[in-house]
Trainee: 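I have a structure here, written as structure tokens, and I will follow up with some questions on it.
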Amino acid sequence: MTQTAAGALAPTMSRPPTIENLKALTSLRFFAAMMIVVLHGSNSLDWPWLRGAPLSLAQGVSFFFVLSGFILTHVYGDRPPGSILAFMRARVARLWPVHVVGIVLLVVSVAPDSITFDGPGIFSKWVVLGFNAILVHSAFPFLAYTFSWNSVSWSISTEMFFYLAFPFLLVNIERTWHWKLLGAALLAAALIAVLRIAAVPIESSDFNRMTAGYATYPSPLMRGFEFVLGMSTNVLWRKYLSRQSRSLWWWTAVEAIALAVCAWWMLAGFHAVQRQFPNPWFNLFFQPAGSCWAFALAIGCLASGRGLVGRLLSVRPLVFLGEISFSIYMLHLILIKAFVTTFAWPGVPEFVYFGALFVLATTVYLLVEKPAQRLLRGGSRAKMLHPPITDASSGKVVRTEA
């Protein structure tokens with residue numbers, strides 16, 4: 001691990017070490033994306049089986065935040081980013097092209113009055129578009145900003161702030177992870193405390209009014225806890241689990257127990273805690289992020305992929321679904337809006353919607369996401385600055401980006 005901030009940021013052109021491809025975690029991204037798809041579908045699509053979908057499905061975003069911290073630490077833990085500029089260039093290449101495609105598809109496929117909010121002054125949709133396009137809109141404590149344009153993009157805006165902090169959080173992470181996790185928790189608590197002392201309303205029917213809900217839900221200051229938890233989970237995984245030489249059945253038991261705990265929490269435990277502690281200020285954190293510990297447990301136990309569950313998640317079809325999951329996540333709500341507003345077809349059959357979604361996501365992944373990443377990352381220089389990711393079983397390089 002790096003020892004100094006200067007070391008973390010100093011560029012180098014020596015050949016980076018290869019990094020193991022954690023295929024089981026790639027597959028899990030698909031299931032997290034589908035949690036969000038189902039939740040948004042329940043709000044707009046006329047499918048009987050979607051009625052009553054639990055709000056806890058929204059915590060699929062929390063899974064992505066935890067996983068992001070874990071994966072970036074996995075990739076850069078032994079070889080920190082060469083420079084902040086090079087690292088951020090790689091991160092922008094990962095997120096921005098699909099974000100732009102999403103905005104274009106939204107404009108051309110959705111009825112004009114359903115595209116985004118519009119208001120006076122700084123709430124004009126064109127002003128908001130400027131902040132949305134450069135992925136800083138999650139820093140604004142207004143619903144009209146958080147859920148503007150392609151509304152799911154608030155989460156990748158929050159991720160961009162995580163990326164800015166990551167090279168600094170990575171410094172001495174093996175020795176300081178617990179302090180950084182505590183600091184992130186205190187920062188989230190302090191944000192909520194300040195909002196409560198200032199008597200900021202938790203919610204409002206006015207999209208342009210500052211609320212505690214939208215000053216916390218998308219805020220990097222609060223959601224950073226989940227990202228740092230992911231980084232901390234990777235440190236613990238490296239230290240206690242990744243080098244374990246255990247039997248297939250031992251690993252299978254670990255994976256099954258982790259998934260059972262995660263499922264129990266999502267289906268029962270989470271709701272029991274909410275009923276016990278209904279305070280709305282407590283729920284500013286708990287509602288969006290209360291399952292992050294369970295996701296961290298599942299990620300840490302499944303990362304090695306050495307049990308039967310991990311092996312199942314590592315099969316190529318599931319891994320590919322995980323690879324297109326970002327496009328699925330970024331495009332699914334646009335497609336829902338198109339069917340509901342443009343085609344006036346809220347009862348679109350499931351096979352039509354999901355077929356269209358998977359075809360669209362695959363097309364964008366293959367023709368936009370991957371080529372744009374290669375172009376924006378800078379070719380051969382990027383390969384030298386960023387560790388290649390290899391298949392543990394074959395040793396072959398499977399990709400060069402995290």
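These values consider heavy atoms only, across backbone and side chains, with no hydrogens, waters or symmetry-generated copies.
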Trainee: Supply the atom-to-atom distance L106 CG to L335 CG, rounded to the nearest 0.5 angstrom.
Mentor: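 CG of L335 is found 11.5 Å from CG of L106.
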Trainee: Below 4.5 Å, heavy atoms only, C-beta onward: do I192 and F282 meet side chain to side chain?
Mentor: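 No. Closest side-chain heavy atoms not under 4.5 Å.
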Trainee: Please step through side-chain contact (heavy atoms from CB on, under 4.5 Å) for the pair F225 and L181, ending with a clear verdict.
Mentor: CA-CA 7 Å; F225 175 81; L181 188 62; 3.6 Å; yes
Trainee: Mark yes when over 12 heavy atoms from residues, nucleotides or ligands other than E203 sit less than 6.0 Å from its CD; otherwise mark no.
Mentor: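 Incorrect, the count does not exceed 12.
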Trainee: Do other residues, nucleotides or ligands put more than 12 heavy atoms under 6.0 Å from W179 CH2?
Mentor: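 Not more than 12 within 6.0 Å, no.
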Trainee: Heavy atoms, side chains only, cut-off 4.5 Å: are F166 and M231 in contact?
Mentor: yes
Trainee: Would you indicate whether the side-chain heavy atoms of M266 and H271 approach each other to under 4.5 Å?
Mentor: no
Trainee: Taking atom CH2 of W293 as the centre, report whether more than 12 heavy atoms of other residues, nucleotides or ligands fall under 6.0 Å from it.
Mentor: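 Yes, because the 6.0 Å sphere around CH2 of W293 holds more than 12 heavy atoms from other groups.
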Trainee: Do I336 and H332 have side-chain heavy atoms sitting under 4.5 Å apart?
Mentor: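 Yes, side chains in contact.
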Trainee: Y365 vs T362, test: side-chain contact (heavy atoms from CB on, under 4.5 Å). Steps then yes/no.
Mentor: CA-CA 5 Å; Y365 172 73; T362 300; 5.6 Å; no
Trainee: Using 0.5 Å steps for rounding, measure from the OG atom of S148 to the CD1 atom of I115.
Mentor: 12.5 Å
Trainee: Testing the basics here: between I328 and A361, what is the closest heavy-atom pair and its distance to 0.1 Å?
Mentor: CG1-CB, 3.6 Å
Trainee: Look only at the side chain of H99 and the backbone of N132, and say whether a donor-acceptor pair between them is shorter than 3.5 Å.
Mentor: yes
Trainee: I want to check something: taking the side chain as every heavy atom from C-beta on, are I324 and L321 in contact at a cut-off of under 4.5 Å?
Mentor: yes
Trainee: Show me the pairs that pass side chain to side chain donor-acceptor pair (under 3.5 Å) and involve residues 206-217, at least two apart or across chains.
Mentor: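 Qualifying pairs, neighbours excluded: none.
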Trainee: When you measure from the centre of the six-membered ring of F161, is the NZ or CZ of R223 closer than 6.0 Å and no more than 45° off the axis?
Mentor: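 No, a cation-pi geometry is absent between R223 and F161.
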Trainee: Sequence neighbours left out, cut at 3.5 Å: what donor-acceptor pairs do the side chains of residues 149-157 make with other protein atoms?
Mentor:
unit_1: W149; atom_1: NE1; unit_2: K125; atom_2: O; d: 3.2
unit_1: N150; atom_1: ND2; unit_2: M330; atom_2: O; d: 2.8
unit_1: S153; atom_1: OG; unit_2: H137; atom_2: NE2; d: 3.1
unit_1: S153; atom_1: OG; unit_2: N150; atom_2: O; d: 2.8
unit_1: S155; atom_1: OG; unit_2: V152; atom_2: O; d: 3.1
unit_1: S155; atom_1: OG; unit_2: Y329; atom_2: OH; d: 2.7
unit_1: S157; atom_1: OG; unit_2: L135; atom_2: O; d: 3.1
unit_1: S157; atom_1: OG; unit_2: H137; atom_2: N; d: 3.4
unit_1: S157; atom_1: OG; unit_2: S138; atom_2: N; d: 3.1
unit_1: S157; atom_1: OG; unit_2: S138; atom_2: OG; d: 2.9

Trainee: Show the nearest heavy-atom pair for residues A24 and G305, with the distance to one decimal.
Mentor: CB-CA, 4.4 Å
Trainee: Under the rule for side chain to side chain donor-acceptor pair (under 3.5 Å), what residues qualify as partners of K180, not counting sequence neighbours?
Mentor: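 Scan of K180 (side chain to side chain donor-acceptor pair (under 3.5 Å), adjacent residues dropped) gives T176.
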Trainee: Would you compute the distance between atom CZ of F295 and atom CG of L28 and round it to the nearest 0.5 angstrom?
Mentor: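 Going from CZ on F295 over to CG on L28, the span is 10.5 Å.
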Trainee: Quick one: do L229 and F65 satisfy side-chain contact (heavy atoms from CB on, under 4.5 Å)? Show the steps, please.
Mentor: CA-CA 9 Å; L229 177 61; F65 288 162; over 6 Å; no
Trainee: Out of curiosity, N234 CG to R238 CZ, how far, rounded to the nearest 0.5 Å?
Mentor: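 Atom-to-atom, N234:CG and R238:CZ are 5.0 Å apart.
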Trainee: Is the gap between the ring centers of F286 and F277 under 6.0 Å?
Mentor: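 No, ring centres 6.0 Å or more apart.
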Trainee: According to the salt bridge (charged side-chain N to carboxylate O under 4.0 Å, His left out) rule, which pairs have a member within residues 50-69, sequence neighbours left out?
Mentor: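 Pairs touching residues 50-69 that pass the test: D46-R51.
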Trainee: Whether the side chain of R29 engages the backbone of G322 through a donor-acceptor N/O pair (distance < 3.5 Å, no angle test) should be reported.
Mentor: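 Flag set: sc R29 to bb G322 pair under 3.5 Å.
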Trainee: Is R316 salt-bridged to E323, cutoff N-O under 4.0 Å?
Mentor: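 Looking at E323 together with R316, the answer is yes, because their closest N to O distance falls below 4.0 Å.
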Trainee: Is there side-chain contact between T26 and N21, with heavy atoms separated by less than 4.5 Å?
Mentor: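 The answer is yes; the side chains approach within 4.5 Å.
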Trainee: Under the side chain to side chain donor-acceptor pair (under 3.5 Å) rule, what pairs show up with a residue in residues 110-120, not counting sequence neighbours?
Mentor: none
Trainee: What distance separates W237 CH2 from L241 CG, expressed to the nearest 0.5 Å?
Mentor: 8.5 Å
Trainee: Within the 4.5 Å heavy-atom criterion, are M160 and M88 side-chain neighbours or not?
Mentor: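 Contact flag for M160/M88 side chains = yes.
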Trainee: CG of L318 to NZ of K23: how many Å apart, nearest 0.5 Å?
Mentor: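 Between atom CG of L318 and atom NZ of K23 there are 11.5 Å.
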Trainee: Name the one of F142, F207, F147, Y145 that satisfies ring-ring contact (aromatic ring centres under 6.0 Å, His included) with F117?
Mentor: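 Only one option passes, and that is F207.
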Trainee: Report yes if some heavy atom in the side chain of W49 is under 4.5 Å from a heavy atom in the side chain of E350; otherwise report no.
Mentor: yes
Trainee: Tell me which one of L72, T158, V66 satisfies side-chain contact (heavy atoms from CB on, under 4.5 Å) with F227.
Mentor: L72
Trainee: Could you give all pairs that pass the side chain to side chain donor-acceptor pair (under 3.5 Å) test and reach residues 252-267, with sequence neighbours left out?
Mentor: W265-S291
Trainee: Looking at the rings of F354 and W47, which for Trp means the six-membered one, are their centres under 6.0 Å apart?
Mentor: yes
Trainee: So with a 6.0 Å cut-off around CG of L85, is the heavy-atom count from everything else above 12?
Mentor: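 No, the 6.0 Å shell around CG holds no more than 12 heavy atoms from other groups.
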